[in-house]
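Below: the structure, in structure tokens.
On a predicted model such as this, the values are computed, not experimentally measured, just so you know. So you know, we letter chains A, B, ... as the sequences are listed, proteins then strands, and number each from 1.
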Amino acid sequence: MNAPEVVKHQPGPPLWLLAELTYRCPLHCVFCYNPVDFAHAPDELCTDDWLRVLREARAAGSVQCGFSGGEPLLRDDLEVLVAEAHKLGFYTNLLTSGVGLTDARARALKDAGLDHIQLSFQDSTRELNDFLSHTRTFELKQKVAATINDHGWPMVMNCVIHRLNIDYIDRIIDMAVELGAEYLELANSQYYSWAMLNRDQLLPSREQIERAERVTNERRQHYGERIRIFFVVPDYHETRPKKCMNGWGNVFLTITPDGTALPCHTARMLPGLAFPNVRDLDVRSIWFDSEGFNRYRGKGWMKAPCRSCPEQEKDLGGCRCQAFMLTGDPAAADPVCDKSPAHHKVVEAVVRAERGEVAVVAKPLVFRGPEESRRRLAGLAGMK
Amino acid sequence: MSDTSAIGATATPRVSKRFRLQWEEAQQAWVLLYPEGMVKLNQSAGEILRRCDGVSSVAEVVADLEQAFATAGLEADVVAFLELARKQQWIDM
């Protein structure tokens, strides 16, 4: 007789490698998903470490490589890393605020084989842009957009949408077209890290979202094939969660500046789970064998109501970080789901947004920055 | 904007500059890469697209495939796929 066999979920390769080269950033965005305690982060990986990570990831089957941060242009070895990634056969993407992308660097990156640049914008109105990012970068981004076009890169613009800019969405779209963007991603803010600190001020009302979707559809019709617009709906207003990262440890591998390997940008917040570091372990072992990547893979970890839910394949229980932040249990159902016993926490946040109870004046926005990060670390230490 | 006329035997399709076609060892498949995305191709789609070099005509692509896979009568299938590929903007004519 055959012994009962534990059927192990056999994952595919880590198709998407996100190299977060640094947490340093000239911007101070209130919706940043970098960890709130980033100031505490140990040393950044050196050039040789990153070159090794690129080779190991490619050998394990990674094909898309995103260079991100922080602001990746703050690493002066970016061109070296892009060149190696290109040589290895990666499709190389640079995710940047554009600060630091001079014409000379753009040329060097082009020579290194960079395939694509995603340029992030905070808003189309300079005042709000500067308010939200805390720096005067708007004119610079216009210049950078021109540089991107001049070098023949396809340009994806990304704009994080939230309560304070969602009503200007028509102008954001018009500006993207004017700047020559081929794709525009209007990504509603997701509430992690700095955005979570500012959630009550950033969460839009349902009416605002409906209007923004309507306006986006009108603009799509108006511009036709000139630009492709993706509107990413905020999940707080939904009744089913998103399939986070297309499944835990399914396609997505993030390496943080200090070399920690994560199944998503924010997974480090989860308690009781040690994530491996590329300084200690090779990418293939990290991806296939480590506890950090296997814990929430597939469906074996699920509790009620996910465990018996007919839709479990569709969303795989949603986001583990959101479950942890709102319920304290990373294996709970994502409370965005209306089958979750904690769904009321999401509903309450939306209700507060509907009432417009939280004025920016009453509760100031927390701007991302190293000093604020250290202050928060000190506060946490004080509580212990 | 996209051309909807039938694809003739003398047309010379090429993979669009918006995409990069490459063989992926780990997936044992041809893939089309584009900003932050990937299309995994099945074997026939991969074999057709890798021959779309902007020089070879559709007739030559068909003949080459028929020879490589020791078969005949592929033209209708190849043209049907190329029409789909053009609609997806994977190829330019």
Side-chain angles (χ1 to χ4, degrees), chain A residues 11-18 56-68 85-95 113-120 148 152-158 181-185 187 223-228 230 232 246 251-253 283-284 287-288, chain B residues 1-8 11-56 68 79-93:
Chain A
L15 294 175
W16 233 118
L17 171 70
L18 186 73
E56 289 177 1
R58 183 73 183 124
S62 296
V63 58
Q64 285 282 349
C65 177
F67 293 100
S68 169
H86 177 71
K87 203 180 83 191
L88 290 166
F90 276 107
Y91 193 92
T92 52
N93 307 273
L94 176 64
L95 287 70
L114 182 66
D115 289 300
H116 153 245
I117 294 180
Q118 185 204 88
L119 182 63
S120 61
I148 291 170
W153 278 303
M155 187 168 64
V156 175
M157 273 185 44
N158 174 288
E182 289 173 51
Y183 307 86
L184 171 64
E185 192 179 286
Y223 287 117
E225 291 188 16
R226 271 179 78 184
I227 186 165
R228 292 182 66 186
F230 303 94
V232 184
N246 209 29
V251 293
F252 202 84
L253 168 63
V283 168
R284 188 178 286 277
W287 181 257
F288 291 103
Chain B
M1 211 162 84
S2 57
D3 188 359
T4 51
S5 60
I7 294 175
T12 54
R14 85 164 68 224
V15 175
S16 162
K17 269 197 267 180
R18 294 160 179 257
F19 295 92
R20 191 164 90 212
L21 178 71
Q22 73 184 33
W23 173 256
E24 277 304 295
E25 197 60 35
Q27 300 176 64
Q28 288 294 303
W30 288 89
V31 299
L32 281 171
L33 300 172
Y34 58 96
E36 299 172 53
M38 181 185 81
V39 182
K40 185 174 173 178
L41 301 166
N42 65 20
Q43 194 204 1
S44 28
E47 292 297 336
I48 296 169
L49 282 187
R50 64 184 286 211
R51 289 169 170 79
C52 294
D53 54 10
V55 179
S56 309
V79 170
F81 171 74
L82 289 176
E83 273 165 7
L84 172 93
R86 181 173 60 180
K87 215 168 143 192
Q88 300 288 331
Q89 303 184 334
W90 295 342
I91 53 169
D92 299 324
M93 304 306 288

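Neither the backbone nor the side chain of A:Ile117 comes within less than 4.5 Å of any heavy atom of chain B. Looking at A:Trp16, only its side chain comes within 4.5 Å of chain B, counting heavy atoms on both sides.
For residues 31-47 of chain B, a heavy-atom distance under 4.5 Å to chain A picks out B:Leu33, B:Tyr34, B:Pro35, B:Glu36, B:Gly37, B:Met38, given by residue number.
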With side-chain contact (heavy atoms from CB on, under 4.5 Å) as the criterion, how do A:Ser62 and A:Phe90 come out once you've worked through the C-alpha distance, each side chain's angles and the decisive distance to 0.1 Å? CA-CA 7 Å; A:Ser62 296; A:Phe90 276 107; 3.5 Å; yes
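Counting heavy-atom pairs closer than 4.5 Å to chain B, the top residue among A:Val156, A:Asp115, A:Thr92 is A:Asp115.
In this structure a side-chain-to-backbone donor-acceptor pair under 3.5 Å is present from A:Arg58 to A:Leu88. In this structure a side-chain-to-backbone donor-acceptor pair under 3.5 Å is present from A:Arg284 to A:Ala59.
By the side-chain hydrogen bond (donor to acceptor under 3.5 Å, both in side chains) test, B:Gln27 is found to be paired with no residue, residues two or more places apart in sequence or in another chain being considered. Every residue meeting the side-chain hydrogen bond (donor to acceptor under 3.5 Å, both in side chains) condition with B:Asp53, not counting sequence neighbours, appears here in chain and number order: B:Ser56. In this structure, the side-chain hydrogen bond (donor to acceptor under 3.5 Å, both in side chains) partners of A:His116, at least two apart in sequence or on a different chain, are A:Asn93.
When every heavy atom of A:Gly61 is checked against every heavy atom of B:Ala26, the shortest pair comes out as CA-CB, 3.5 Å.
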